[in-house]
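In what follows, a structure is listed as C-alpha cells, so that the remarks can point back to it.
Convention: sequence-line order gives letters A, B, ...; per-chain numbering from 1.
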Amino acid sequence: MSEMTTEILEQNLGKIVLVRLKGGKSLRGRLKGFDQHLNLVLEETEDTTNVESMRKLGLIIVRGDNVVLISPPPR
Amino acid sequence: MSEMTTEILEQNLGKIVLVRLKGGKSLRGRLKGFDQHLNLVLEETEDTTNVESMRKLGLIIVRGDNVVLISPPPR
Amino acid sequence: MSEMTTEILEQNLGKIVLVRLKGGKSLRGRLKGFDQHLNLVLEETEDTTNVESMRKLGLIIVRGDNVVLISPPPR
Amino acid sequence: MSEMTTEILEQNLGKIVLVRLKGGKSLRGRLKGFDQHLNLVLEETEDTTNVESMRKLGLIIVRGDNVVLISPPPR
Amino acid sequence: MSEMTTEILEQNLGKIVLVRLKGGKSLRGRLKGFDQHLNLVLEETEDTTNVESMRKLGLIIVRGDNVVLISPPPR
Amino acid sequence: MSEMTTEILEQNLGKIVLVRLKGGKSLRGRLKGFDQHLNLVLEETEDTTNVESMRKLGLIIVRGDNVVLISPPPR
Amino acid sequence: MSEMTTEILEQNLGKIVLVRLKGGKSLRGRLKGFDQHLNLVLEETEDTTNVESMRKLGLIIVRGDNVVLISPPPR
C-alpha cells in the first residue's frame with residue numbers, strides 16, 4: 001500500500017467513507033481502522049446498495065479482498 | 001489483520017455475530033474462535049440468507065476467504 | 001488455521017460432517033482426514049445438493065479452496 | 001496436502017478415478033500421476049459432464065487449481 | 001511492475017486517466033498516487049460506466065486487484 | 001509441477017495439443033514451450049471453441065492460470 | 001515465465017499484438033513493454049471486442065492477471 005493511501009485513510013479515521021465491494025454492494029460508515037490489506041473496521045455502517053431500502057449494520061469488519069474502492073467524504 | 005480487528009473479535013467471543021459470505025449467504029452464530037485469515041468457528045449458527053426459511057447449522061467452521069464482513073451485535 | 005479449528009476437526013474424525021462448497025454444492029460424509037488448507041478426505045460421501053436426488057460418491061478428496069463451511073454433527 | 005491424501009492417491013495410481021472440476025465439468029480417467037497442488041495426469045480420460053454424450057480425451061494434464069474433488073473407485 | 005509502467009504512471013501524476021475495473025466499471029479521474037500492486041489514488045473521479053448517468057466520486061482509493069487497464073490521456 | 005507432467009509436455013514439444021481454458025474456450029496448437037506455471041507457447045493455433053467457426057490465431061502465449069487441461073494427441 | 005515467452009515478447013516489441021482478456025474483451029495494440037507477470041504496455045490500442053464498434057484507447061497499461069493470451073502478428 002502506498003504511503004499516500006495510508007495517509008488518506010489516516011486523515012479520514014473517524015470520518016464517514018463510502019466503500020464499494022466486489023459483487024456490487026455499497027457501504028457507508030465511519031472509518032475506525034484499517035490495515036495494509038485494506039481490511040476495514042467501520043461503525044454506524046449502512047448498506048447503501050439499494051438507496052430505497054438502506055439497512056443499518058452498525059460496527060463491522062470488512063475483509064480487504066472484497067474492497068473495490070474507498071471514497072472519503074468531500075472536504 | 002489490524003490489532004483493532006483482533007480486539008473487536010476478541011471482545012465478541014461468546015457473542016452472536018452476523019457474517020456475510022461471498023455469493024450472498026448470511027449466517028448468524030455465536031463466535032467461538034477465529035484466526036488471522038478470518039477463519040471462524042461459530043456455534044448455534046443459523047443460515048439467515050432467506051429470512052422466511054432460516055436453517056439451523058449448529059457448530060460450523062467457516063473458511064476465511066469466503067467472508068465479506070462480520071458484524072458484532074449492537075452494544 | 002486456529003487451534004480451535006484443528007481441535008474441532010480432530011474431535012470429529014470418524015464422524016459424519018456436512019460440507020458446503022463454493023458454487024452451491026453440499027456434501028455429507030465421514031471425516032477421515034484434513035490438513036491446514038482444509039483439504040478434506042471424506043468417506044461414505046453423498047452429494048446432498050439436491051435433496052431429492054442424492055448421489056453416492058464414496059471416498060473422496062476435497063481440495064480445500066472449494067470449502068465454504070464444515071459443520072460437524074450436533075452432539 | 002495431508003499424508004492421507006498422498007496415500008490415497010498413491011494407492012489409486014493406475015486405477016480409474018472420478019474428478020470434478022470448477023465450472024461443473026466431470027472427468028473419469030486412469031490416474032497416472034499427481035503432485036502436491038493436485039495437478040493430475042490421467043489417461044483413457046472421458047469427459048463425463050453430459051452422460052449422454054461422453055467425449056474421449058485420452059491422456060490429459062489437469063491444472064490442480066481447477067479440481068473440486070477426486071473420487072477413487074469403490075473397493 | 002516493469003520500469004516502463006512506473007515511468008508512464010509517474011509521467012501522468014496529476015493528469016486525468018481512464019481506469020477499467022473487473023466487472024465492467026469505468027472510472028475517470030486525476031491520478032494522485034499508485035504503488036506496485038496498481039493500487040491507485042484518484043481525485044475528481046467520475047464513474048463513467050454509464051455515459052448517460054455519470055456519478056461524481058471525488059477522491060478515491062482503488063484496490064489494485066480490481067484494475068484491468070489504465071489509460072493515460074492522449075498527448 | 002510433477003516430473004511426469006514435465007516429461008509429458010517435453011515429449012509433446014512440436015506436437016499438436018488440445019488446451020481447454022477457464023471460461024470454456026478450447027484451443028488446438030503445436031506446443032513450442034511451457035514453464036512450471038503451465039504458461040504455454042503454441043503455434044499454428046486455432047480457437048476450436050465453436051467447431052463450426054474455427055478461428056486461426058497462429059503463434060500465441062497462454063497465461064498458465066487460464067489453463068484447465070492439456071491433452072496431447074493420441075499415440 | 002519461460003525464456004521462450006520472454007524471447008517472443010522481446011521480438012515483438014514495437015509490433016502489433018492481439019491480447020485477449022478474462023471476461024471476453026479483446027485488444028489490439030503495439031507492444032511497448034512487459035514484465036514477468038505479463039503486465040503489458042500497449043500503444044495505439046483499440047478495443048476490438050465488438051468488431052463493428054472498435055474503440056480507440058491509445059496508450060494503456062494492462063494488469064497481467066487479466067491476460068488470457070497474447071498473439072503476435074503472423075510473420
Part of C:K56 lying under 4.5 Å from any heavy atom of chain D: neither
Side chain, backbone, both or neither of C:V62 within contact of chain D (heavy atoms, under 4.5 Å): both
Member of C:L42, C:I60, C:L59 meeting the side chain to side chain contact (heavy atoms under 4.5 Å, CB included) criterion with D:S71: C:I60
C:R63 vs D:D65, side-chain contact (heavy atoms from CB on, under 4.5 Å): CA-CA, chis, key distance, verdict: CA-CA 8 Å; C:R63 202 174 191 268; D:D65 69 324; 4.2 Å; yes
Heavy atoms from other residues, nucleotides or ligands near CZ of D:R28 exceed 12 (cutoff 6.0 Å): no
Engaged part of C:L21 at the chain D interface, taking heavy atoms whose separation is under 4.5 Å: side chain
Closest non-hydrogen atom pair, D:S2 against C:D35: N-OD2, 3.2 Å
Close side-chain approach of D:R20 and C:D47, heavy atoms under 4.5 Å: yes
Nearest-0.5 Å distance that lies between atom CG in D:L69 and atom CG in C:L57: 6.5 Å
Atom CD of C:E3 with >12 non-hydrogen neighbours under 6.0 angstrom: no
Sole candidate of C:V41, C:L40, C:N39 that passes side chain to side chain contact (heavy atoms under 4.5 Å, CB included) when paired with D:M4: C:V41
Top of C:R55, C:K22, C:H37 for chain D proximity - count of heavy-atom pairs under 4.5 angstrom: C:R55
Which atoms of C:L27 approach chain D - backbone, side chain, both or neither, heavy atom under 4.5 Å: side chain
